S.K.: 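I have a structure here, written as structure tokens, and I will follow up with some questions on it.
In this text, all values refer to a predicted model and were calculated from it rather than measured experimentally.
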Amino acid sequence: MKQNRHFATKCIGKLKLSTQFIIIVSIQVLIIVSYVLALNLIHHSLLINYLSELSDYMFQDNSNHLLSNMMEEYFQHFNEVFNLNGNALVSFHRLYHTSKNQVLLHPLDTNPLFQMQYGGTTKIPDPLRIIKGYGNYDISYSFMCYSNLSSFNNPLTFEEKVGLKVEEQLQAAAQIFYQGNLINQSFLYSYIMKEKLNSIYPCLNRDKAIYQYVAEKRDWYTELKRNYESKSPYDKYHYTFTQPYLLYTDKKIGLSMALPIVDSNLALIGGVVSNFLGSEIVEMMKSNSFGFQIIYLVSEKGVMIMHPYKVTVEQLPLFIYNESITGFNVTDWEYILNLNSDSSCPKFAKMSSLLKCRYNSYYNQEMIIGTREIPEFKMKLIMLLSSSEYLKFYDDFQSKIEISLHETTSNNIIWLFVSCVVLCLMIIVVTQILFHPIEIIKKQAINLIIQQRRNQQQISEFAEVWMSDEIVSLVQTYKIVMNKLESLSLIKTSECKQFEDIQYPTKQYSVTQAAFMRNIDQIKQHQELRFRCLKDFSGGEEFENAAISIIKRVLKQQNTKFLLY
């Protein structure tokens, strides 16, 4: 340790004071910068792990909110569909009775101009018809028409006359209740049993097929009759949905919302129905939504009410656990109903434990499941969302956090590097300003020494020839001593360092005046003795010559050594 310190001190001691100062301060700045940089890198590594865990919680929370918001949006949309149609059915029920009460106050003579008997074999006249506007049939959006005239008696009964007269009042009002453009509603039906009047809007010309149509055998009439019989007494409006069935009009799978029509005695006299094309509603709802998703409307028994699949009548009723079509089995259905808690999504389970997820064999991917209950219709709204969309969202979220953190750390490092460079430049400038006077004084001192050396009187070679050896030796000795003094005045030699390292004695001696005087007498006697010996010894001429030659030789050696130094 002592040798290292000596080596460092020796190396630094040869540098200028300004350079020494710059080195010392630069080392301090480098230590500070390294410390700050190390803190930034440590914080960066810690924040990466911390933010990674935090982003998992944020991802789960955001995903849950996103799924809830989407389900709420769909739930509100279905509520609008059901309530609008339910309100239309209720309004038709009330309008029918209001119109019937007004009809009974007047004569029952019918006006042929108001009779829209185009629901059967009578063709819809131009320009009212839309040619093949619905399947293979012509339709008209201008009015509600009635059909099944083959079932009427001849002459007409009282109830039949009332029905035809009520039809005159309702044929234009049906346009108000129809919501087809808004919710993909198919048709609005009404049927009164005693009046034997089957009305439809938009007006549909079914030609000879009307003779095969029996309302009492249709699924919608069966449902409204069951609805009426399940409520005793039927003193409130209760509209219910049928199971999916083959619609008579367009040969597509659809379902109906049915409402019984009762008289003042709460007896069943008929019903009003609104048809839906469930697959079209589902497709319309998910068109502007997040990523790849599937929407189901399922009964509490697992029957698919609305879905995007194209199935035939032979496949009805379609259950959600029909794995060949939906990709879900009975175990999956139990998981959706919260009867089974085992998830089948190993990939997504690593990202979120809050959301439901099942592997779907039809789509061959893990699907996130969102559900909402519709208790009044005993239905469950189910949304399947591709987990790849969520995983992409998670990866994007993670990458944004990491990129932002890397940018922040890089900016801090760049700022730190620039600050270090600026600080070093400031140190150099300040050092130059502070040590400039010292450098000037040093240069002036060196110049004075050099000038003094140049001004020293030199003995000519001619004079040196005539000088005696003693004078030459004396002159050389003088030069040696002056050179040594000049070198010692500029450089601290190792001898000076050794002299400085000599420790002063710590032991104290008591000196008395008598002892001091006795020591002086002894020194005087010793000097007299040495003087007499030297005087006797130097009396010979040979001794003097030998002494002078030895002194010359020694002086020459010393002079060469000092000159080399």
S.K.: Pair Asn101, Ser99 - check side-chain hydrogen bond (donor to acceptor under 3.5 Å, both in side chains), show working.
M.R.: CA-CA 5 Å; Asn101 292 333; Ser99 300; over 6 Å; no
S.K.: When rounded to the nearest 0.5 angstrom, what distance separates CE in Met379 from CD1 in Ile374?
M.R.: 7.0 Å
S.K.: Under a 3.5 Å distance rule, please check whether Asp332 uses its side chain to pair with a backbone N or O of Asn329 as donor and acceptor.
M.R.: yes
S.K.: Mark yes or no for whether Ser361, through its side chain, and Gly327, through its backbone, hold a donor-acceptor pair below 3.5 Å.
M.R.: yes
S.K.: Applying salt bridge (Lys or Arg N to Asp or Glu O under 4.0 Å), can you list everything that pairs with Asp219, at least two apart in sequence or on another chain?
M.R.: none
S.K.: If I compare all heavy atoms of Ser186 with all of Leu277, which pair ends up nearest, and what's the gap?
M.R.: CB-CG, 4.5 Å
S.K.: Enumerate the residue pairs fulfilling disulfide bond (SG atoms under 2.5 Å apart) with a member in residues 356-416, sequence neighbours excluded, ordered by first and then second residue.
M.R.: Cys345-Cys357
S.K.: Taking the side chain as every heavy atom from C-beta outward, state whether Phe143 and Tyr201 have any atom pair closer than 4.5 Å.
M.R.: no
S.K.: Which pair of heavy atoms, one from Ser256 and one from Val273, lies closest together, and at what distance?
M.R.: CB-CG1, 3.4 Å
S.K.: For Tyr359 and Asn364, which I'm curious about, is there any donor-acceptor pair between the side chains at under 3.5 Å?
M.R.: yes
S.K.: Is it the case that Ser140 and Asp138 place a side-chain donor and acceptor less than 3.5 Å from each other?
M.R.: no
S.K.: Not counting sequence neighbours, which residues clear ring-ring contact (aromatic ring centres under 6.0 Å, His included) with Phe319? List them please.
M.R.: Tyr321
S.K.: Answer yes or no: is there a donor N or O on one side and an acceptor on the other, between the side chain of Asp263 and the main chain of Ile269, under 3.5 Å?
M.R.: no
S.K.: Got Leu128 and Tyr118 here, is their nearest side-chain heavy-atom distance under 4.5 Å?
M.R.: no
S.K.: Please confirm whether the backbone N or O of Val166 pairs with a side-chain atom of Gln169, one donor and one acceptor, at under 3.5 Å?
M.R.: no
S.K.: Is there a donor in the side chain of Glu167 and an acceptor in the side chain of Ser199, or the other way round, less than 3.5 Å apart?
M.R.: yes
S.K.: Regarding Asp207 and Thr121, is there a side-chain donor-to-acceptor distance under 3.5 Å anywhere?
M.R.: no
S.K.: The test is side-chain contact (heavy atoms from CB on, under 4.5 Å); show your working for Tyr96 and Ser190 and say whether it passes.
M.R.: CA-CA 10 Å; Tyr96 169 78; Ser190 68; over 6 Å; no
S.K.: Grab the two heavy atoms, one from Ile210 and one from Gly120, that are nearest each other, plus how far apart they are.
M.R.: CG2-CA, 4.0 Å
S.K.: So do Tyr362 and Glu323 actually touch side chain to side chain, heavy atoms under 4.5 Å?
M.R.: no
S.K.: Apply side-chain contact (heavy atoms from CB on, under 4.5 Å) to Leu384 and Ile368, showing your working.
M.R.: CA-CA 6 Å; Leu384 305 180; Ile368 301 168; over 6 Å; no
S.K.: Any donor-acceptor pair under 3.5 Å linking the side chain of Gln315 with the backbone of Thr312?
M.R.: yes
S.K.: Pick from Gln171, Glu195, Gln115: which one makes a side-chain hydrogen bond (donor to acceptor under 3.5 Å, both in side chains) with Tyr146?
M.R.: Gln115
S.K.: Apply salt bridge (charged side-chain N to carboxylate O under 4.0 Å, His left out) to the pair Glu229 and Arg226, showing each step before the final yes or no.
M.R.: CA-CA 5 Å; Glu229 293 174 351; Arg226 185 206 62 79; over 6 Å; no
S.K.: Who passes side-chain hydrogen bond (donor to acceptor under 3.5 Å, both in side chains) against Tyr239, sequence neighbours left out?
M.R.: none
S.K.: Checking Arg206 against Tyr213: charged group under 6.0 Å from the ring centre and within 45 degrees of the axis?
M.R.: yes
S.K.: Using the test ring-ring contact (aromatic ring centres under 6.0 Å, His included), find all partners of His93 that sit at least two apart in sequence or belong to another chain.
M.R.: His97, Tyr237
S.K.: Holding to ring-ring contact (aromatic ring centres under 6.0 Å, His included), I want the full list of residues that pass it with Tyr363, two or more places apart in sequence or in another chain.
M.R.: Phe292
S.K.: How close do Leu108 and Val162 get, counting heavy atoms only, and between which atoms?
M.R.: CD1-CG2, 4.0 Å
S.K.: Do the non-hydrogen side-chain atoms of Met306 and Ile295 ever get within less than 4.5 Å of each other?
M.R.: no
S.K.: Does a side-chain heavy-atom distance below 4.5 Å link Leu204 with Phe187?
M.R.: yes
S.K.: For residues 375-384, which residue pairs pass the side chain to side chain donor-acceptor pair (under 3.5 Å) check, not counting sequence neighbours?
M.R.: Glu373-Lys380
S.K.: Over 60° means perpendicular and under 30° means parallel, so tell me whether Tyr178 and Tyr141 are parallel, tilted or perpendicular.
M.R.: tilted
S.K.: Give a yes or no on whether the ring-centroid distance for Phe377 and Phe82 is below 6.0 angstrom.
M.R.: yes
S.K.: Would Arg358 count as a cation-pi partner of Tyr335, with NZ or CZ less than 6.0 Å from the six-membered ring centre and within 45° of the ring normal?
M.R.: yes
S.K.: I'd like to know if the side chain of Tyr234 and the backbone of His238 have a donor-acceptor N/O pair within less than 3.5 Å.
M.R.: yes
S.K.: Could you work out, with salt bridge (Lys or Arg N to Asp or Glu O under 4.0 Å) as the rule, every residue matching Lys356, not counting sequence neighbours?
M.R.: none
S.K.: So, using salt bridge (Lys or Arg N to Asp or Glu O under 4.0 Å) as the criterion, who are the partners of Glu168 when residues are at least two apart?
M.R.: Lys165
S.K.: Answer yes or no: is there a side-chain heavy-atom contact under 4.5 Å between Val298 and Trp333?
M.R.: yes
S.K.: Are the side chain of Gln175 and the backbone of Ser142 linked by a donor-acceptor contact shorter than 3.5 Å?
M.R.: yes
S.K.: Roughly how far apart are Met144 CE and Ile200 CD1, rounded to 0.5 Å?
M.R.: 8.5 Å
S.K.: Under the ring-ring contact (aromatic ring centres under 6.0 Å, His included) rule, collect the residues that match up with Tyr245, sequence neighbours excluded.
M.R.: none
S.K.: Mark yes or no for whether Thr240, through its side chain, and Asn227, through its backbone, hold a donor-acceptor pair below 3.5 Å.
M.R.: no
S.K.: Can you name the salt bridge (Lys or Arg N to Asp or Glu O under 4.0 Å) partners of Glu334, sequence neighbours left out?
M.R.: none
S.K.: I'd like to check Ile261 versus Val272 (side-chain heavy atoms, cut-off strictly below 4.5 Å). Are they in contact?
M.R.: yes
S.K.: Does Lys194 NZ have over 12 foreign heavy atoms under 6.0 Å away?
M.R.: no
S.K.: Determine, step by step, whether Ser386 and Gln365 satisfy the side-chain contact (heavy atoms from CB on, under 4.5 Å) criterion, reporting the C-alpha distance in whole Å, the side-chain angles of both residues, the deciding distance to 0.1 Å, and the verdict.
M.R.: CA-CA 7 Å; Ser386 173; Gln365 59 178 314; 2.5 Å; yes
S.K.: Closest approach of Gly271 and Leu224, non-hydrogen atoms and distance?
M.R.: CA-CD2, 3.9 Å
S.K.: Taking the inter-plane angle between the rings of Tyr191 and Tyr221 on a 0 to 90° scale, is it parallel (under 30°), tilted (30 to 60°) or perpendicular (over 60°)?
M.R.: perpendicular
S.K.: Quick check: do Met193 and Leu268 have side-chain heavy atoms less than 4.5 Å from each other?
M.R.: yes
S.K.: Which heavy-atom pair separates Val90 from Leu259 by the least distance, and what is that distance?
M.R.: N-CD2, 3.7 Å
S.K.: Does Gln76 have any side-chain hydrogen bond (donor to acceptor under 3.5 Å, both in side chains) partners at least two apart in sequence or in another chain, and if so, which?
M.R.: Glu72
S.K.: Just by modelled atom types, is the Ile320 backbone N or O under 3.5 Å from a matching donor or acceptor in the Thr326 side chain?
M.R.: yes
